[in-house]
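Working notes, beginning with the structure itself.
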Amino acid sequence: MNTIAKDWLDLEYKPQLPVNKEMGIGIIGAGEIIEACHLPAYEMAGLRVVGIFDLNKERAEHLAAKFGIPKVYRDLDELLADPEVQFADLAVPAKVQPGIAERAAAAGKHILCQKPLAESYPEAVRIRDACAKYGVKGAVNQQMRWSPSIRASHTIIKRGWLGELLQASIQVNVKQDFANWGWLREMPTLEFMYHSIHYMDAIRFLFGTPEYVYADGARFPGQQTIGETRTLLHMKFAGEARGIIHDNHNHISTEDDWYATYRFEGTEGIIKGTNGSLYNYPVGREDTLSFHTKAIHEDYWFSPRLHGKWFPHAFMGTMGELMRAVEENREPENSVEDNLKTMQMVFGAYLSMEENRPVSLAEIAGKVPTL
């Protein structure tokens, strides 16, 4: 075992935060995700939330009292006019997000958008264009990139310990009833758009953007939602690399048979483990990760313990990266521009389902002009 074996002790997976934590965040939306993830993460990180707005004022007031938020805005205009708000954190449905993002950008606020960016690709591009027009930074809350296992995997891959990348797979078999969210019941684009989008973005973060996707989706007999809840996605990358996402939200047995696993392989190594947030849902548990690499030891599996979870710890990463990008005058890693490639995968998957064929991401990108 050579000296680089010591590096596994620090896989650099914890979210990085801005130097100036006093920059002000204004929250737009007061739903479950804000209460369960955004605000606990910002509290852990020591970030400053100056106010919150929701159409349901009582809900906003409840979260303001619970998390010590000093302001509850009467309307969106009041939030956008507040000079203390430098960052607008959007947690709104995709159908209204482009319009709100444009208003926030026009007000000079840097924006953290919820995923998916929009319900159509041209609408997603509107957000990118608004950020460019008004000179603000725009990022997307694709937090799985900052989940402990995915971030640690990225470090391992960056260090070359897998060699040439060959295979990425994420497999999920759980019981999650999307009908619990009333607004999802009538959503014709469901599982890929609102769940597997995380896995698409995570794999793209690790392996790069695929050339094409080939997708299939199905329902479960008797389900209350109209969209797909069982999906299979094949991804072809440049060269010999391939990927697969297999996701089922209709598991019929006991919870001890649930699984949410990942495996990334290359010519020189393998990473494998579990996505802890989907075990004992919604409480979750910490991720697990093991890796083998010829660069350190031919016959040994390293199994470092990872601290933190996808929910809520990874939410420190998305906002933290946007804030650091502003401090350092650069584009955030999770920029709106970058996320358009993830959206190309999503909309490519639905076109693939509809026409039963592989769909190149360039085909989706070509539907609107680029800057």
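Residues take their numbers from the sequence shown, with the count starting at 1. All values derive from a computational prediction rather than experimental measurement. These values consider heavy atoms only, across backbone and side chains, with no hydrogens, waters or symmetry-generated copies.
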Which pair of non-hydrogen atoms, one from [X] and one from [Y], has the smallest distance, and what is that distance?
{"X": "Leu162", "Y": "Gly269", "result": "CD2-C, 3.3 Å"}
{"X": "Leu117", "Y": "Ala124", "result": "CB-CB, 3.9 Å"}
{"X": "Ala241", "Y": "Leu165", "result": "CB-O, 3.5 Å"}
{"X": "Ile27", "Y": "Ile25", "result": "CD1-CG2, 3.9 Å"}
{"X": "Ser253", "Y": "Asp257", "result": "CB-OD2, 4.3 Å"}
{"X": "Met316", "Y": "Ala41", "result": "CG-O, 3.3 Å"}

Considering only heavy atoms from C-beta outward, does the side chain of [X] approach that of [Y] to under 4.5 Å?
{"X": "Leu361", "Y": "Met345", "value": "yes"}
{"X": "Met343", "Y": "Ile197", "value": "yes"}
{"X": "Glu35", "Y": "Arg59", "value": "yes"}
{"X": "Lys66", "Y": "Leu39", "value": "no"}
{"X": "Leu232", "Y": "Ile244", "value": "yes"}
{"X": "Ile203", "Y": "Ile245", "value": "yes"}
{"X": "His154", "Y": "Phe205", "value": "yes"}
{"X": "Leu233", "Y": "Ser196", "value": "no"}

Inset, instruction - Could you check Tyr350, Phe347, Tyr199 and say which one makes a ring-ring contact (aromatic ring centres under 6.0 Å, His included) with Phe192? - result: Tyr350
Do side-chain atoms of [X] reach the backbone of [Y] as a donor and acceptor pair under 3.5 angstrom?
{"X": "Tyr13", "Y": "His307", "value": "yes"}
{"X": "Thr267", "Y": "Glu164", "value": "yes"}
{"X": "Lys309", "Y": "Val283", "value": "yes"}
{"X": "Lys21", "Y": "Ala45", "value": "yes"}
{"X": "Ser149", "Y": "Asn275", "value": "no"}
{"X": "Glu58", "Y": "Asn56", "value": "no"}
{"X": "Gln97", "Y": "Gln114", "value": "yes"}
{"X": "Asp287", "Y": "Gly276", "value": "yes"}
{"X": "Glu119", "Y": "Glu123", "value": "no"}

Salt bridge or not between [X] and [Y]? Use side-chain N to carboxylate O under 4.0 Å.
{"X": "Glu191", "Y": "Arg219", "result": "no"}
{"X": "Glu84", "Y": "Lys71", "result": "yes"}
{"X": "Arg324", "Y": "Glu321", "result": "yes"}

Taking the six-membered ring for Trp, are [X] and [Y] parallel (under 30°), tilted (30 to 60°) or perpendicular (over 60°)?
{"X": "Phe315", "Y": "Phe311", "answer": "tilted"}
{"X": "Phe237", "Y": "Phe207", "answer": "tilted"}
{"X": "His198", "Y": "His195", "answer": "perpendicular"}
{"X": "Phe291", "Y": "Phe302", "answer": "parallel"}
{"X": "His297", "Y": "Tyr300", "answer": "tilted"}

Look at atom [atom1] of [X] and say whether more than 12 heavy atoms of other residues, nucleotides or ligands are closer to it than 6.0 Å.
{"X": "Glu355", "atom1": "CD", "value": "yes"}
{"X": "Glu240", "atom1": "CD", "value": "no"}
{"X": "Glu268", "atom1": "CD", "value": "yes"}

Legend entry - Between Tyr262 and Phe264, ring centroids under 6.0 Å: yes
Inset, instruction - Check the pair Arg128, Glu337 against salt bridge (Lys or Arg N to Asp or Glu O under 4.0 Å), reporting the backbone distance first and the verdict last. - result: CA-CA 6 Å; Arg128 187 270 315 265; Glu337 178 73 46; 3.2 Å; yes
If I take atom [atom1] from residue [X] and atom [atom2] from residue [Y], how far apart are they, to the nearest 0.5 angstrom?
{"X": "Asp10", "Y": "Thr155", "atom1": "CG", "atom2": "OG1", "result": "8.0 Å"}
{"X": "Gln167", "Y": "Met235", "atom1": "CD", "atom2": "CE", "result": "8.5 Å"}
{"X": "Arg204", "Y": "Arg145", "atom1": "CZ", "atom2": "CZ", "result": "5.0 Å"}
{"X": "Lys175", "Y": "His249", "atom1": "NZ", "atom2": "NE2", "result": "11.0 Å"}
{"X": "Leu289", "Y": "Ser303", "atom1": "CG", "atom2": "OG", "result": "7.5 Å"}
{"X": "Arg357", "Y": "Tyr212", "atom1": "CZ", "atom2": "OH", "result": "12.5 Å"}

Legend entry - Residues in salt bridge (charged side-chain N to carboxylate O under 4.0 Å, His left out) contact with Glu286, at least two apart in sequence or another chain: Arg305
When clusters are formed by joining ILVMFWY residues with side-chain heavy atoms under 4.5 Å apart, either directly or through shared neighbours, do [X] and [Y] land in the same one?
{"X": "Leu278", "Y": "Ile252", "value": "no"}
{"X": "Leu47", "Y": "Ile69", "value": "yes"}
{"X": "Leu190", "Y": "Trp181", "value": "yes"}
{"X": "Tyr194", "Y": "Met353", "value": "yes"}
{"X": "Leu184", "Y": "Met193", "value": "yes"}

Inset, instruction - Mind running side-chain contact (heavy atoms from CB on, under 4.5 Å) on Val136 and Lys109 for me, showing each step along the way? - result: CA-CA 7 Å; Val136 300; Lys109 311 302 183 185; over 6 Å; no
Inset, instruction - Write out all pairs satisfying ring-ring contact (aromatic ring centres under 6.0 Å, His included) with one or both partners inside residues 77-103, taking only residues at least two apart or from two chains. - result: Phe87-His110
Legend entry - Arg151 and Glu12: CA distance, side-chain angles, deciding distance, salt bridge (Lys or Arg N to Asp or Glu O under 4.0 Å) verdict: CA-CA 7 Å; Arg151 206 74 193 179; Glu12 300 175 4; over 6 Å; no
Legend entry - Qualifying residues under side chain to side chain contact (heavy atoms under 4.5 Å, CB included), relative to Ala179, sequence neighbours excluded: Asp177, Arg185, Gln224, Thr225
Inset, instruction - Let me see the working for Leu340 and Tyr121 under side-chain contact (heavy atoms from CB on, under 4.5 Å), right down to the final yes or no. - result: CA-CA 8 Å; Leu340 289 179; Tyr121 188 71; 3.7 Å; yes
Legend entry - Side-chain H-bond candidate by donor/acceptor type, Asn250 with Thr229, under 3.5 Å: yes
Inset, instruction - Give me the one residue out of Thr318, Asn334, Asn339 that meets side chain to side chain donor-acceptor pair (under 3.5 Å) with Gln142. - result: Asn339
